[in-house]
Amino acid sequence: MKVRVSELEGRALNWAVAYVKYGQSRYAGNWHCFDTGSPDEPQVIVREKPKAIQDDEYNPSGNWAHGGPLIESACISVFYHNQPDMGGNMWYGACGRNSVHKLPRCKSPLVAACRAYVFSCAREEIEIPDELMEVVK
């Protein structure tokens with residue numbers, strides 16, 4: 001299913017980041033496995049279930065140990081802006097030449113960075129496996 005990058009969150013966003021970074025996944029049961037191409041770096045996995053994201057999953061949108069290196073390696077800029085008239089404090093991200101104003105504000109710097117990264121490669125929409133779609137809503 002095609003989804004707007006600006007609406008991605010949770011596992012769907014994590015899958016999109018892994019897809020942009022590592023390419024097509026292998027589907028194994030309820031897992032999506034991405035080959036990192038490095039013997040020193042383990043496979044990256046994104047599960048369909050359980051609903052709570054587990055510690056062994058790739059989680060750049062919620063875990064600084066995964067999102068921090070992504071921000072550094074992709075030269076992502078994250079901006080904080082206090083907008084009391086528009087709902088309070090929000091984060092924005094930019095990666096490469098993409099325009100900051102094309103992405104909506106986010107409540108987390110990691111989500112902003114991940115959306116900016118995916119947007120820089122996929123632009124407005126990306127195809128997400130249907131089994132991950134319930135997480136988007």
Roughly how far apart are Leu8 CG and Ser61 OG, rounded to 0.5 Å?
9.5 Å

Salt bridge present between Asp35 and Arg26 (N-O < 4.0 angstrom):
no

To the nearest 0.5 Å, how far apart are NE2 in His66 and SG in Cys114?
11.0 Å

With Asp55 via side chain to side chain donor-acceptor pair (under 3.5 Å) - residues at least two apart
none

If you round to the nearest 0.5 Å, how far is CZ of Phe119 from CD of Glu124?
4.5 Å

Any idea which heavy atoms bring Ala116 and Cys95 closest together, and the distance?
O-CB, 3.6 Å

Starting at CG of Asn59, measure out to CG of Asn14 and round the result to the nearest 0.5 Å.
4.5 Å

Path from Tyr27 to Ile45 over hydrophobic side-chain contacts below 4.5 Å
no

Under a 3.5 Å distance rule, please check whether Arg47 uses its side chain to pair with a backbone N or O of Asn30 as donor and acceptor.
no

Point-to-point distance, once rounded to the nearest 0.5 Å, from CD1 of Ile126 to CZ of Arg4
13.5 Å

Could you state whether Trp31 and Val44 fall into the same hydrophobic cluster, counting links through intermediate Ile, Leu, Val, Met, Phe, Trp or Tyr residues with side-chain heavy atoms under 4.5 angstrom apart?
no

Taking Ala52's backbone N and O only, do any of them form a donor-acceptor pair with Arg11's side chain (distance below 3.5 Å, no angle check)?
yes

Do you know which two heavy atoms are closest between Val111 and Cys106, and how far apart they sit?
CG1-SG, 3.9 Å

Should the pair Trp15 and His32 be assigned to parallel (<30°), tilted (30 to 60°) or perpendicular (>60°) ring geometry?
perpendicular

With under 30° as parallel and over 60° as perpendicular, where do the rings of Tyr58 and Tyr22 fit, or are they tilted in between?
perpendicular

Between CD on residue Glu131 and CE on residue Met1, distance to nearest 0.5 Å:
11.5 Å

Give the intermediate values and the outcome of side-chain contact (heavy atoms from CB on, under 4.5 Å) for residues Leu13 and Tyr117.
CA-CA 10 Å; Leu13 179 55; Tyr117 181 70; over 6 Å; no

Is there a path of hydrophobic side-chain contacts, each under 4.5 Å between heavy atoms of I/L/V/M/F/W/Y residues, joining Leu70 to Val78?
yes

What closest approach, in Å, do Gln54 and Glu57 show between heavy atoms, and which atom pair accounts for it?
N-OE2, 2.8 Å

Heavy-atom neighbours of Tyr19 OH exceed 12 at 6.0 Å:
no

For Gly62 and Leu110 the tightest heavy-atom approach is C-CD1, 3.8 Å

